Protein chains: 2
Amino acid sequence: MTSRQRAATSVTLADVAARAGVSPATVSRVLNDSYPVSASTRDRVTRAVRELKYVVNGHARALAASTSMVVGVIVNDVSDPFFSQIVRGIQTEAAHDGKLVVICNTEGEPARELSYLELLRQQRAHSVLLTGAAVDDPVHLAELAEQGRGLLAQGGRLVLCGRPRLPDVDAPAVTFANHAGASALARHLVELGHRRIAYLTGPLGRTTTAERFAGFREQLAAAGVPLAPELVLSGGFTRAAGYDNTRALLAAGAEFTALVTANDAMAFGALAALREHGIDVPDQVSVAGFDDLPFCVDSAPPLTTVRLPLTEAGALAARLAAGREPVPFGGVVTLQGELVVRRTVNRPPSQPGGQR
Amino acid sequence: MTSRQRAATSVTLADVAARAGVSPATVSRVLNDSYPVSASTRDRVTRAVRELKYVVNGHARALAASTSMVVGVIVNDVSDPFFSQIVRGIQTEAAHDGKLVVICNTEGEPARELSYLELLRQQRAHSVLLTGAAVDDPVHLAELAEQGRGLLAQGGRLVLCGRPRLPDVDAPAVTFANHAGASALARHLVELGHRRIAYLTGPLGRTTTAERFAGFREQLAAAGVPLAPELVLSGGFTRAAGYDNTRALLAAGAEFTALVTANDAMAFGALAALREHGIDVPDQVSVAGFDDLPFCVDSAPPLTTVRLPLTEAGALAARLAAGREPVPFGGVVTLQGELVVRRTVNRPPSQPGGQR
DNA sequence: CTGAAAGCGCTTACAG
DNA sequence: CTGAAAGCGCTTACAG
């Protein structure tokens, strides 16, 4: 009454055994269906389970059998559709395996990637999926690799999703063909006649930022179209960053006939800023994003972008983690993007002077 | 070598104790900082932990200390912004408590609510948050209540979010003032002069559907504006349902000057359908949604809707579950919505004949 | 087909 | 401040 006044008492497997008049071992066997048990015994046990409303203790089971039901997913922000689409793919596969998915939000802080990885190791997670762009800080990457190796040594699995493999860690990666997607977008714009193109890169020092920008820049260079330094701005992968940077461009009097943002969220912000300035899209300025979030089809106007198979990527990563998908040669499978032409891109206005 | 050929061996607390030359009890004490330990002993232990790269086994800890780090969240679909906003609020609070958030996607299937609740009970979840509209099937509700009581009896906590309390279960609820929000919307439309209003209800037999529709209908009735039965359609809470039902309305030649949908996702679908039919919003037909998803500001046109404090609701529910927020009298706290007037609503066209 | 027993890796009174 | 010991609730060889 004193030391456990508010302790919640659960019925245990031993209680079930007593009620059914069998040994705990037998109860365990019918619960897990792991060994043959006579029908009558099984009946008595299942009845006792029902009568006592017994619920197995997952921690005890995990400890004794050294198994785990949890699949950890590390994301920047679950409420960002880019990530929630990936998470949905993972969820579906995890449910198929009877696993539980744990969401860890880093809010973009690399340090939290590390601490969540450790937390998941403590939980003896069956696997962890690390999603989103990686920061390319070698120190951080080394620490991540160290934790990753620790996870593997523990018997856990690790899969990267939307980022490259970790150095010296035997973990596969599902990546996106960011470079190719950005190239396709650049080509499309050039073919339509655009020569003054602005580009909002996303946050510096992230793999995704670098890959998309490189694809874009190189394609432009190949086509002999210069990319004016003053038309390239960086910021977060957010709508606010797209909005702010577009306003900054406009305030500086920059001239451009097309504006490409490294993701869709930024493009929505850009569209809003252009609208506020009374600039017509696509007649005065063309706009394009990247990702093809579900909402692109409903924006004003519907956004031209590069579609990435987000949900499929999550599902694939989960299957790789579950061992239900063979690990490809080289350990990385790259998913292609696809140019989706909607209403925000047009030929550049013919009159000189750009968007004005 | 045979029976454990691929068994992953982890370093245990006993290994750390041996290395540091102290007892396991002492290691546990420094790990948990639960009792005074001399500085020199503490140093030896922390060094051993580091050298051995020891990671505590959460299952063993949970079993011995009967504590749990997991907070379970049951949602219809994480990739639906309505839910991902709520989840984000929960995540933030959980991180504050050092807890891990487990996401369970029911895909709208009541049966999966039950099975996830049981899974969460197995994991001895610290608390579970049940979100989204409840189906008002008494049998299902009774089963849910039963599971809820079991969770409580186990020492877990339960909080409802976006749905009413469960019968005879001592669990608080965070609800939305759906009725009042829908009333406000109806009043706004009526004041602008709308008399022929269509309403897409969402799925039948859900609390949210019923509450919003009741608020809307009753306000209209109070204003003496009839709600024509042929202008009320039901379907899912999805963009597709909004699109399909709007097309159905149009195909049937229905006449209306305003179209209200029970949530924003449906409104986006409705806007698309109207656009395809060449009907101008808001000059020919006004449209309004409910929820105020982040994207509303970017739709074509920006959507008039009722803002719900989704993230705050999730955070509040999580704090209630953590015991960091006092449970209000009656066990339910209702969060108010707020009418957000944007660009999809206007006066009805003056010429007779509705939208045509 | 079934049981007794050891063990999974911790924590926590209890005793010094 | 520290250790020996029991116990948390399961599973799983090992023996029948």
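Chain A is the first sequence line, chain B the second, and so forth, proteins listed ahead of strands; every chain is numbered from 1. Here the structure is a predicted model, which is why all the values come from computation and not from measurement. Values below: all heavy atoms of this structure, side chains included; hydrogens, waters and symmetry mates excluded.
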Rounded to the nearest angstrom, tell me the gap between atom CD in A:Q154 and atom P in C:dG9.
12 Å
Starting at atom CG of A:L31, determine the distance to atom P of D:dT11, rounded to an integer number of angstrom.
7 Å
Could you tell me whether a side-chain N or O of B:R42 sits under 3.5 Å from a main-chain N or O of B:T46, the two making a donor and an acceptor?
no
Value in whole Å for how far the C1' atom of D:dT12 lies from CG of A:N32:
11 Å
Separation of C:dG9 P from B:D15 CG (nearest whole Å)
9 Å
Could you report the tightest heavy-atom contact between B:N32 and B:R61, atom names first, then the distance?
OD1-NH2, 3.2 Å
A:R324: salt bridge (Lys or Arg N to Asp or Glu O under 4.0 Å) partners, not counting sequence neighbours
A:E93, A:D97
Donor-acceptor pair, distance only, cut-off 3.5 Å: does the side chain of A:Q91 make one with the backbone of B:V78?
no
If you count heavy atoms of other groups shown closer than 6.0 angstrom to CG of A:D43, is the number above 12?
yes
Quick tally for nucleotides 1-8 of chain D: nucleotides whose base has a protein heavy atom under 4.0 Å get B, sugar-phosphate-only ones S, the rest -, giving SBBB--BB
Separation of atom CD in B:Q122 from atom P in D:dC10, rounded to whole Å:
10 Å
Among A:L117, A:L129, A:T131, A:L114, the one residue meeting side-chain contact (heavy atoms from CB on, under 4.5 Å) with A:I74:
A:L117
Other residues, nucleotides, ligands: >12 heavy atoms within 6.0 Å of A:D170 CG:
no
Donor-acceptor check, side chain of A:H140 to backbone of A:P110, threshold 3.5 angstrom: yes or no?
yes
Atom-to-atom span, OH of B:Y54 to C1' of C:dC10 - whole angstrom:
7 Å
Secondary-structure stems for DNA chain C, with pairs counted as Watson-Crick or G-U when both distances are under 3.5 Å and runs at least 3 long:
C:1-3 with D:14-16, C:5-12 with D:5-12, C:14-16 with D:1-3
Could you tell me how far apart A:H59 (NE2) and D:dT11 (P) are, to the nearest whole angstrom?
14 Å
Mind listing the closest non-hydrogen atom pair of A:N105 and A:N76 along with its distance?
ND2-O, 4.0 Å
Provide the distance between the two C1' atoms, one in D:dG16 and one in D:dT12, to the nearest whole Å.
16 Å
